J.: 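A single structure is presented below for examination.
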Amino acid sequence: MDEFSKTQENMANQVKELYDERDTCTDMLDNVTSRIEGRPKADVYLMYDNDTRYDDFDVVGVRVPFSYADCYKDLVNNYVPENSAKLWCLRAALWQSKQDDDNDDEDDLKCVLEIAKYGVRKPATGFRTRREYRTLSLEERNRFHAALNSLYHSNHTNVTCFALIHRMALIKGGAHGGNAFLPWHRAFITFFEEALRRIDDRVFLPYWDSSMDDNMAVSPALSVMWDNNHMGTGSGVVNSGPFAGWIARDNPLTRNVASGKGSLYEQSRIDQVMGYCMLADFHGLWERGHNSVHVWVGGTMAGLMAAADPVFWMHHAFVDYQWEKFRERQKTVCGIDPASDYPPNNPDKPEHNPEARMVGMQFLANEDGIKDTWTDAWYNYSDTPKCSNNCGGSSELFCDEASGLCVSEMRLFAPGATQIRNVIRTKRAATYADLIQRGAKPYTGKCSIDPYAQECAKGPPPRTVEQLVEALVNDDDKRYPLPPVIKDAEEKLRDEIDYFYSYPEEKGIPFFKPAPEGKNDCRTRETFVYDIVKALVTEKKITGTIENPTKGNVTRVKYNPN
């Protein structure tokens, strides 16, 4: 009881410190307790009334994983505004555990029913064509973002409602880890898209081809996807960009891109799965790749409320797009009717059998998800950008002629590649082999006694690309510092990393698991400088915005250890 009393006293002190925020806090406490059957809603005013004893009214049961004071002290810094810190710490201190939160009442989740009540044969807002997100015009992108925000703030049919349906499907099963994965998500994202189009019928659900980010020679954390004109914050609580301030039910929307866990879709994986003919062979490999993208984005996307992140919908649109490409191959190459290719019953996973009802969408059976109705009456796709069409004419993509693949532009350090190439050229001239060739004295005679003399060569040359890159990055003698443009970008990324770690760790166990060791993308935010220098040393194209090196106006530096 002493410990409980201390907890009560600690909570009272915490709420007193938040007197100025009491209206907001009351709303937050209402949200925390309103779904707990038999519990009264907490009244923050009673908590800071010195004349009221706690045993005079019901106190909300909470877990306090750390003291409010410590939390607040850690958060009030250059990265977290004071009011945001107060609200976050209150949320952390007063977070009511809902026993795995798996008691969502399906009858309350009517957002899909609101869309489907007009039938599924034909959408009310008409046919639409989905395109890659970075090929949208500025007007199209702004309309898409505006529709998402309108849906987020809607009363009943809203983003949170859809996210809770997906969460229910994760907990109950029937939408992941089996044959229904692709059919279930096809129906689900299409109803979500229709909800957006009820707001603006010029909007469609674009897809995010993450393989074009994977094609980057540097960390995909530098993709334009994570700037404020696109998806916003990629590291930590999403507090910038079009979705700043979004809440994933009980927690702020968060991300942790390029943490070293998970990976994006690779072109080689896409090529591999397209070699099959039957859905039973395709869906397992494709779903595992999908899981890795969830983990790579991290934060909310890795947990039960994944669908609360706008990235979720574009990721799944790409998953569906590639499935549709596979279905086309089934028709033209394999001679299989994809509308009849639902795998046989699996007694170990009856919820994935063809006649089983879709969880959260009971008006559909799993096998309904493979029918041609969706792409005949609801939507189709424009192909992902290719080098052959100038990467869709997008200024946010460029063609890497060496690989023949389209690559995402960078949000940091797009300019300055010429500058670093010049620095690399200068540094290369300072290696041992080059100095000898230019007339420096080798380690013989006087130079063997006094190797630090001005005329003597300075150490043995790097023997591998990796050694050369490390020598350039470390620059221990400080004679050839990296260009300011790289230092500025590195500082920005360091700020993002510090910002991410400035918030307490989110509660809840991630649903999507990291890939086995060796299958995670090791290009992280921390490896920014190394990745940039290595890409330039090995002559990989990192941006399409610099001068064309094939025209001779950019110094190209090849590594030659001899």
Side-chain angles (χ1 to χ4, degrees), residues 109-112 114-116 123-126 128-167 185-210 223-234 236-249 251-255 257 293-294 297-301 303-321 378-379 381 396 411:
L109 303 178
K110 299 184 182 297
C111 40
V112 171
E114 286 293 320
I115 299 300
T125 63
R128 71 294 311 254
T129 298
R130 298 172 181 171
R131 306 201 321 263
E132 212 284 331
Y133 177 59
R134 282 159 289 193
T135 67
L136 271 61
S137 68
L138 179 60
E139 180 184 359
E140 288 174 322
R141 190 170 69 220
N142 288 340
R143 284 189 178 280
F144 174 57
H145 293 170
L148 281 167
N149 274 292
S150 294
L151 189 62
Y152 172 79
H153 291 291
S154 297
N155 291 328
H156 185 66
T157 301
N158 54 34
V159 172
T160 300
C161 177
F162 278 96
L164 288 172
I165 289 179
H166 184 259
R167 179 185 178 281
H185 283 86
R186 168 161 285 195
F188 186 55
I189 67 171
T190 302
F191 291 134
F192 181 83
E193 179 181 49
E194 182 69 5
L196 290 175
R197 287 172 60 84
R198 298 287 175 88
I199 296 169
D200 184 348
D201 63 8
R202 290 167 291 184
V203 165
F204 55 87
L205 181 61
Y207 61 88
W208 170 37
D209 183 350
S210 61
S223 167
V224 294
M225 283 293 296
W226 314 112
D227 69 20
N228 289 340
N229 295 318
H230 296 81
M231 288 292 101
T233 311
V237 174
V238 179
N239 69 345
S240 65
F243 314 110
W246 276 32
I247 301 295
R249 198 184 191 189
N251 292 288
L253 177 63
T254 62
R255 300 184 185 124
V257 302
V293 178
H294 273 272
V297 175
T300 301
M301 268 282 281
L304 291 173
M305 287 298 291
D309 190 335
V311 175
F312 169 93
W313 302 99
M314 298 194 301
H315 168 48
H316 272 277
F318 182 68
V319 170
D320 186 78
Y321 161 63
W378 288 73
Y379 67 90
Y381 288 100
E396 299 164 355
R411 61 188 174 91

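Small disclaimer: the values here were computed from a predicted structure and weren't measured.
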J.: Run the ring-ring contact (aromatic ring centres under 6.0 Å, His included) test against His230 and tell me which residues pass, sequence neighbours left out.
T.: Tyr133
J.: List in chain and number order the residues that pass side-chain contact (heavy atoms from CB on, under 4.5 Å) with Ala248, two or more places apart in sequence or in another chain; answer none if no residue qualifies.
T.: Thr300, Met305, Ala308
J.: Would you please name every residue forming a salt bridge (charged side-chain N to carboxylate O under 4.0 Å, His left out) with Asp200, sequence neighbours left out?
T.: Arg143, Arg202
J.: Name all residues meeting the side-chain contact (heavy atoms from CB on, under 4.5 Å) criterion together with Asn229; count only those two or more places apart in sequence or in a different chain, and write none if there are none.
T.: Arg141, Asp227
J.: Judged by atom type as modelled, is there a donor-acceptor pair below 3.5 Å linking the side chain of Ser154 to the main-chain atoms of Ser150?
T.: yes
J.: With sequence neighbours excluded, tell me which residues meet salt bridge (charged side-chain N to carboxylate O under 4.0 Å, His left out) with Glu194.
T.: Arg128, Arg198
J.: Taking ring-ring contact (aromatic ring centres under 6.0 Å, His included) as the test, write out the residues that go with Phe243, two or more places apart.
T.: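 Partners of Phe243 under the ring-ring contact (aromatic ring centres under 6.0 Å, His included) test: His145, Trp246.
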J.: Taking side-chain hydrogen bond (donor to acceptor under 3.5 Å, both in side chains) as the definition, give me every residue that meets it alongside Asp320, ordered by chain and number, with sequence neighbours left out.
T.: Arg186, Tyr379, Tyr381
J.: Just jot down the ring-ring contact (aromatic ring centres under 6.0 Å, His included) partners of Phe192, sequence neighbours excluded, or say none.
T.: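 In terms of ring-ring contact (aromatic ring centres under 6.0 Å, His included), with neighbours along the sequence ignored, Phe192 is linked to Phe162, Trp313.
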J.: Verify, without hydrogens or angle tests, whether Asn239 (side chain) and Gly245 (backbone) share a donor-acceptor contact under 3.5 angstrom.
T.: no
J.: With sequence neighbours left out, what residues match Tyr321 under side-chain hydrogen bond (donor to acceptor under 3.5 Å, both in side chains)?
T.: Asp383
J.: Who are the side-chain hydrogen bond (donor to acceptor under 3.5 Å, both in side chains) partners of Ser240, not counting sequence neighbours?
T.: Asn228, Thr233
J.: Which heavy atom of Glu193 sits nearest a heavy atom of Leu205, and at what distance?
T.: OE2-N, 2.8 Å
J.: Applying salt bridge (Lys or Arg N to Asp or Glu O under 4.0 Å), which residue pairs with at least one partner in residues 153-166 are found, sequence neighbours left out?
T.: none
J.: Evaluate the side-chain proximity of Trp208 to Val293: yes if any heavy-atom separation is below 4.5 Å, no if none is.
T.: yes
J.: Is there side-chain contact between Met314 and Arg130, with at least one heavy-atom pair below 4.5 Å?
T.: no
J.: Could you list the residues that satisfy side-chain contact (heavy atoms from CB on, under 4.5 Å) with Glu114, not counting sequence neighbours?
T.: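 Per chain and number, Glu114 pairs via side-chain contact (heavy atoms from CB on, under 4.5 Å) with Lys117, His156, Thr157.
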